[in-house]
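Accompanying notes for the structure given below.
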2 protein chains.
Amino acid sequence: MKIEIQDQYIESFKEFLTRKGLRVTNQRMAIFGAAFSCDNHFTAEDLLEQARKLDDSVSRATVYRALPLLTESSLIREVDVGKDYKYYTANKDVKTFQAQVICMDCEKIFEIDAPFMEWYGKTVAEKLLLSVEDQRLQVSARCDQLKLKGECNRVFAK
Amino acid sequence: MKIEIQDQYIESFKEFLTRKGLRVTNQRMAIFGAAFSCDNHFTAEDLLEQARKLDDSVSRATVYRALPLLTESSLIREVDVGKDYKYYTANKDVKTFQAQVICMDCEKIFEIDAPFMEWYGKTVAEKLLLSVEDQRLQVSARCDQLKLKGECNRVFAK
DNA sequence: GACTCAATTGAGACTCAATAACAATATAGC
DNA sequence: GCTATATTGTTATTGAGTCTCAATTGAGTC
């Protein structure tokens, strides 16, 4: 599988590792590359599968060890959808705040721009004299609604 | 341990069970009572511990079986904080939409009114021609910020 | 109050995402 | 290339949540 990733991201991640006194290993770069080759949201297991296509020695444990590094470096972020397992997505060129719209039936996740949220989150936080570290707006919807737009997985997959 | 719960909630839950053709059992009522005796957010394990004070025969499986009933009846609701386990809280007299402010260090959860969210969520959803089933706004903050207000668990617990 | 039968229960086995332990391996600085 | 040590894969383990099934119990009926 051929992967095209902007050099700036690769360098950014290498720099992050070096600055923290961590080593640049084949496995870490394979996992990083896999994360950026995924267009959609992915689970740790998805990431393992993709990373193994780049380096078949990558193990499950190493993926779980790399995930905190990738989130800490802001190259990916967690997307919590209320399931027992976690989703992640690459922070490519996202500028505006995005809300996650989750189909409760087929588990497909849409991210849509919600620029106003930025202001709103800060307003909410001011009530507690807090500075916001992170905020998420999650909207749950039903599959049969998404079907109207022909974008539900089930329309194609089943 | 003495529990005081408004009769209306007890009746409401009994009615919910009966309407669904389910039985009113001691265990279910103990779990219900435990949920309403918790002032704060609680996990399934917390609920088991509390429920056993009211009826020591309550088992873990029964707690997990009762939780969907309690959420379905709108007497409690899930509060997702991005941990591996779930939190719940009783829906006592909450009228307005609330945002969850989570201390990333001590795991304490604050719920604060965010009435504007209701309108905002709908606006966001309209972009996808969806009707909103549920929405949550989560704000992450750091413990040392909460300490300013003297409300962080660690101030008291450690 | 006793009878009946399906709903419910507790105990314990099980699942599965995530983590820990540890010996083997590979990296970065020399 | 050499060395110290960070990192790795393998395997075992954890822990929240689910499932199974025999035993029990609630609620309608007499």
Side-chain angles (χ1 to χ4, degrees), chain A residues 10 13-35 41-73 76 78-88 107, chain B residues 10 13-35 41-73 76 78-88 107:
Chain A
I10 298 177
F13 187 52
K14 284 185 178 173
E15 192 186 317
F16 169 81
L17 291 174
T18 308
R19 196 174 302 175
K20 288 199 61 140
L22 302 173
R23 292 178 182 169
V24 177
T25 65
N26 289 336
Q27 289 89 340
R28 280 176 179 156
M29 294 317 290
I31 292 165
F32 163 81
H41 298 72
F42 51 88
T43 63
E45 212 62 25
D46 295 335
L47 190 56
L48 172 63
E49 190 182 338
Q50 288 300 312
R52 279 185 166 159
K53 292 180 182 172
L54 300 174
D55 180 342
D56 64 1
S57 78
V58 173
S59 72
R60 182 168 289 102
T62 300
V63 168
Y64 279 107
R65 282 188 282 239
L67 279 168
L69 298 176
L70 290 166
T71 53
E72 192 189 337
S73 67
I76 69 170
E78 263 187 54
V79 179
D80 190 339
V81 300
K83 296 277 168 188
D84 290 343
Y85 41 88
K86 287 176 182 157
Y87 275 94
Y88 301 87
E107 301 189 18
Chain B
I10 297 177
F13 186 53
K14 284 185 178 173
E15 192 186 316
F16 169 80
L17 292 174
T18 308
R19 196 174 303 176
K20 288 199 63 140
L22 302 173
R23 292 180 182 166
V24 176
T25 66
N26 289 336
Q27 289 89 341
R28 279 176 179 156
M29 294 316 290
I31 293 166
F32 162 81
H41 298 73
F42 52 87
T43 63
E45 213 62 26
D46 295 333
L47 190 57
L48 172 62
E49 190 183 339
Q50 288 300 313
R52 279 186 166 158
K53 292 180 182 172
L54 301 174
D55 179 342
D56 64 1
S57 79
V58 173
S59 73
R60 181 168 288 104
T62 300
V63 167
Y64 279 107
R65 282 188 281 239
L67 278 169
L69 297 177
L70 289 166
T71 53
E72 193 189 338
S73 67
I76 69 171
E78 263 188 53
V79 179
D80 190 340
V81 300
K83 296 277 169 187
D84 290 343
Y85 42 87
K86 286 175 183 158
Y87 276 94
Y88 301 88
E107 301 190 17

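Residue numbers start from 1 in every chain, and the chains themselves are labelled A, B, ... in the order their sequence lines are given, proteins ahead of strands. Keep in mind that the numbers below use all heavy atoms, side chains included, and drop hydrogens, waters and symmetry copies.
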Between the protein and nucleotides 16-19 of chain C, which nitrogen or oxygen pairs are less than 3.5 angstrom apart?
unit_1	atom_1	unit_2	atom_2	d
C:dA18	OP1	A:Lys86	N	3.3
C:dA18	OP2	A:Tyr64	OH	2.6

> With sequence neighbours left out, what residues match B:Arg65 under salt bridge (Lys or Arg N to Asp or Glu O under 4.0 Å)?
Replying inline: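 Not a single residue meets the salt bridge (Lys or Arg N to Asp or Glu O under 4.0 Å) criterion with B:Arg65.
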
Atom pairs and distances, donor-acceptor, side-chain atoms in residues 17-24 of chain A, under 3.5 Å, two or more places apart:
unit_1	atom_1	unit_2	atom_2	d
A:Thr18	OG1	A:Lys14	O	2.8
A:Arg19	NH2	A:Glu15	OE2	2.0
A:Lys20	NZ	A:Glu72	OE1	3.2
A:Lys20	NZ	A:Glu72	OE2	2.8

How far apart are the closest heavy atoms of [X] and [Y], and which atoms are they?
X	Y	answer
B:Asp55	B:Ala30	CB-CB, 3.8 Å
B:Phe13	B:Arg28	CE2-O, 3.9 Å
B:Ala35	B:Ile76	CB-CG2, 4.0 Å
A:Leu54	A:Ala34	CD1-N, 3.7 Å
A:Ala44	A:Val63	O-CG1, 3.7 Å

> So A:Phe32 and A:Leu70, side-chain contact (heavy atoms from CB on, under 4.5 Å) or not? Walk me through it.
Replying inline: CA-CA 7 Å; A:Phe32 163 81; A:Leu70 290 166; 4.1 Å; yes

>> Working note: A:Glu78 + A:Leu67, criterion side-chain contact (heavy atoms from CB on, under 4.5 Å); need CA distance, chi angles, decisive distance, verdict.
In response: CA-CA 9 Å; A:Glu78 263 187 54; A:Leu67 279 168; over 6 Å; no

> Where does the angle between the aromatic ring planes of B:Tyr87 and B:His41 fall among parallel (under 30°), tilted (30 to 60°) and perpendicular (over 60°)?
Replying inline: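 Aromatic pair B:Tyr87/B:His41 classed perpendicular.
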
d([atom1], [X]; [atom2], [N]) in whole Å:
X	N	atom1	atom2	result
A:Met29	C:dA26	CE	C1'	16 Å
B:Lys20	C:dT8	NZ	P	10 Å
B:Asp46	D:dG17	CG	C1'	15 Å

>> Using a strict heavy-atom distance below 4.0 Å, which residues from residues 65-72 of chain A are in contact with DNA chain C?
In response: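 Contacts with DNA chain C under 4.0 Å: A:Arg65.
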
> In the 5'-to-3' direction, what one-character label does each nucleotide of nucleotides 25-30 of chain D receive under the scheme B = base within less than 4.0 Å of a protein heavy atom, S = sugar-phosphate only, - = no such atom?
Replying inline: BBS---

> Looking at side-chain heavy atoms only, is the closest gap between A:Leu69 and A:Phe16 below 4.5 Å?
Replying inline: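 Counting from C-beta outward, A:Leu69 and A:Phe16 do come under 4.5 Å.
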
> Please, what dot-bracket string fits DNA chain D when only Watson-Crick and G-U pairs with both distances under 3.5 Å count, crossing ones use [ ] and pairs to another strand use |?
Replying inline: ||||||||||||||||||||||||||||||

>> When you measure from the side chain of B:Thr62 to the backbone of B:Val58, do you find a donor-acceptor pair of N or O atoms at a distance under 3.5 Å?
In response: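 Judged by distance alone, no pair lies under 3.5 Å.
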
>> Taking CZ in B:Arg52 as the centre, count heavy atoms belonging to other residues, nucleotides or ligands within less than 6.0 Å. Is the count above 12?
In response: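 Atom CZ in B:Arg52 is packed in, count exceeds 12.
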
